Amino acid sequence: MLDPRLLRTRLAEVAAHLARRGLVLDTGRIESLETERKGLQMQVQALQGERNARSKAIGQAKASGADIVPLLAEVSDLGDRLKAAEARLDEIRQTADAIGLSLPNLPHASVPDGRDERDNREERRWGEPPSFAFQPRDHVELGSLNGWMDFDLAAKLAGSRFVVLSGPLAGLHRALIQFMLDTHTREHGYTEVYVPYLVNADSLYGTGQLPKFEQELFKVPGERDLYLIPTAEVPVTNLLRDRILAAGELPRKWVAHTPCFRSEAGSYGKDTRGMIRQHQFEKVELVQAVRPEDAFQALEDLTGHAETILQRLGLAYRVVTLCAGDLGFAACKTYDLEVWLPGQETYREISSCSSFGDFQARRLQARWRNPDTGKPELLHTLNGSGLAVGRTLVAVLENYQDSDGRVIVPEVLRPYVGWQDVLA
RNA sequence: GGAGAGGUGGCUGAGCGGUCGAAAGCGGCGGUCUUGAAAACCGUUGAGGAGCAAUCCUCCGGGGGUUCGAAUCCCUCCCUCUCCGCCA
């Protein structure tokens, strides 16, 4: 959520920033709502004040034994007037809140202009895409050739966009998770957390998935109405909800491995082959909560932590800054890491590292006590994949294949798979 | 699934329908004392909003109701805890 004060006092500026996302703000409507709100609120507060004063007087009169009947007559219609004014104010508030919740975050000044992924800015490349003396297979071929990956079987169990992994590949998948968690906890200072995979609506409002993106979630119907998490970002960031942290507790750095569930409602026909876009996938997620002044550096650090995994695995990748038009709803700045996939002969997203400013913190009421002011102030939150496990598995298969369709195990993973050098 | 208890400020925890944004303790901050620290003592300390300001308004799990007036009474929903049953 944007700072409501910004919307009131610097509406034109906000509109200009949002225009970079390709969003046209109806400033006239917002201004007239605001004018109406202000008038009504002052009216309501005046009536409330009058009610309080008169009620207090009645209490005092009663205590001193005076006759309160005439006093009661004076306030006879006050309640009704107040109730009517409150109802109108409530209506305006709801409309204004709905608009507020629907507005995305403002892009950071360092974010390039642009409409979609074609306008993203490449920052750097790491590693060389491997060259093969043969026609490299994609992960689907490699998986089925070895009998490790079965989409038909998964379709029987659950439908499209699921997979069954078996044997050494299932083991490698697990090894990747372990390797990522170990690296982030031992070397990058993150605390591992295990969290619920089902969350309530409040949590999804907090991180910005609701109310706008309900169609991308799997809802579990029942008396409780829970949702399967689309990313660990939701439960982990919500650890901060309605809390005031002491300055000494910052920065908080959490890492969590969870499955992620996405309906992929808007992507029919996109990436239908293989494991790239699934309804269920594993991800190791990095989440940080920092002081506002540290957020910019924290994004660089967090992105670096994700990059470390790719580097240790020896996978070529590039880093791109998302342009304003491609930015996610809650983010003010995002770096995507894209790994080289020989099967597609292209770089594909494997991690997305974002800074949210105080956008999520405001919805979450996630605060810290600033020792300089003594006041609770909003935190800044960040998160990034470190990494998407399914896509990392794809990358390892395709980059480490030989001409016979065998797969070499990257060295850093060997301790996790019984020291095999070839997957078998 | 059955029975019961409870949700109050950063935390613990009091609170007859009226002067209660709320006792007390802890914690925090400031001070006295001390070479310094601890202890002790004194003072101070909830959050959000409107307004240039004086000041005013809202908030005691959420929502609704009764009342001139609700933390306190009623309804409803949510959550937590304890015991019994079942169970990975």
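Letters A, B, ... mirror the listed sequences (proteins, then strands); counts begin at 1. Fair warning: this is a prediction, and the values are worked out from it, not measured in the lab.
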Set of residues satisfying salt bridge (Lys or Arg N to Asp or Glu O under 4.0 Å) with respect to A:Asp77, sequence neighbours excluded = A:Arg81
By side chain to side chain contact (heavy atoms under 4.5 Å, CB included) - contacts of A:Leu11 (at least two apart) | A:Leu7, A:Leu25, A:Thr27, A:Ile30, A:Glu31
Please assess A:Phe261 against A:Tyr197 for the test ring pair (Phe, Tyr, Trp, His ring centres under 6.0 Å), listing each intermediate value before the final yes or no.
-> CA-CA 9 Å; A:Phe261 303 92; A:Tyr197 302 158; 7.4 Å; no
Could you give the distance separating B:rU76 and B:rG85 at their C1' atoms, to the nearest angstrom?
-> 29 Å
Which ring-ring contact (aromatic ring centres under 6.0 Å, His included) pairs, counting each pair once, include a residue from residues 1-29 of chain A, with sequence neighbours left out?
-> none
Could you give all pairs that pass the ring-ring contact (aromatic ring centres under 6.0 Å, His included) test and reach residues 284-312 of chain A, with sequence neighbours left out?
-> A:His108-A:Phe296, A:His188-A:His305, A:Tyr190-A:His305
How long is the line joining CG of A:Asp80 and C1' of B:rU66, in whole Å?
-> 14 Å
Polar atoms only, N or O, under 3.5 Å: list the protein pairs with nucleotides 15-20 of chain B and their distances.
residue : atom : partner : partner atom : Å
B:rG18  : O6   : A:Lys62 : NZ           : 3.1
B:rG18  : N2   : A:Ser55 : O            : 2.7

Only distances under 3.5 Å count here; give the side-chain donor-acceptor pairs of residues 408-418 of chain A to other protein atoms, sequence neighbours excluded, each with its distance to 0.1 Å.
residue  : atom : partner  : partner atom : Å
A:Arg414 : NE   : A:Val409 : O            : 2.8
A:Arg414 : NH2  : A:Val409 : O            : 2.8
A:Tyr416 : OH   : A:Asp182 : OD2          : 2.7

Just wondering, do A:Pro112 and A:Thr321 contact through their side chains at under 4.5 Å, heavy atoms?
-> yes
Check each residue of residues 364-376 of chain A for a non-hydrogen atom within less than 4.0 Å of any atom in RNA chain B, then write out the ones that pass by number, or none.
-> A:Arg367, A:Arg369, A:Lys375, A:Pro376
With sequence neighbours left out, write down each residue that passes side chain to side chain contact (heavy atoms under 4.5 Å, CB included) with A:Leu250, or none if nothing qualifies.
-> A:Leu245, A:Arg252, A:Arg291, A:Trp368, A:Leu379
Tell me the stems RNA chain B sits in, counting at least three consecutive Watson-Crick or G-U wobble pairs, each under 3.5 Å on both distances.
-> B:1-7 with B:78-84, B:10-12 with B:24-26, B:27-32 with B:40-45, B:46-50 with B:55-59, B:61-65 with B:73-77
Side chain to side chain donor-acceptor pair (under 3.5 Å) involving A:Glu34 - partner list, sequence neighbours excluded = A:Arg37
Distance-only check: which donor-acceptor pairs under 3.5 Å involve side-chain atoms of residues 226-236 of chain A, not counting sequence neighbours?
residue  : atom : partner  : partner atom : Å
A:Tyr227 : OH   : A:Glu214 : OE2          : 2.8
A:Thr231 : OG1  : A:Glu233 : N            : 3.0
A:Thr231 : OG1  : A:Lys283 : NZ           : 2.9
A:Glu233 : OE1  : A:Asn383 : ND2          : 3.4
A:Glu233 : OE2  : A:Gln360 : NE2          : 2.8
A:Glu233 : OE2  : A:Asn383 : ND2          : 3.4

Indicate for each nucleotide in nucleotides 50-65 of chain B, in 5' to 3' sequence, whether protein heavy atoms under 4.0 Å reach the base (B), only the sugar-phosphate (S), or nothing (-).
-> SS-----SS-------
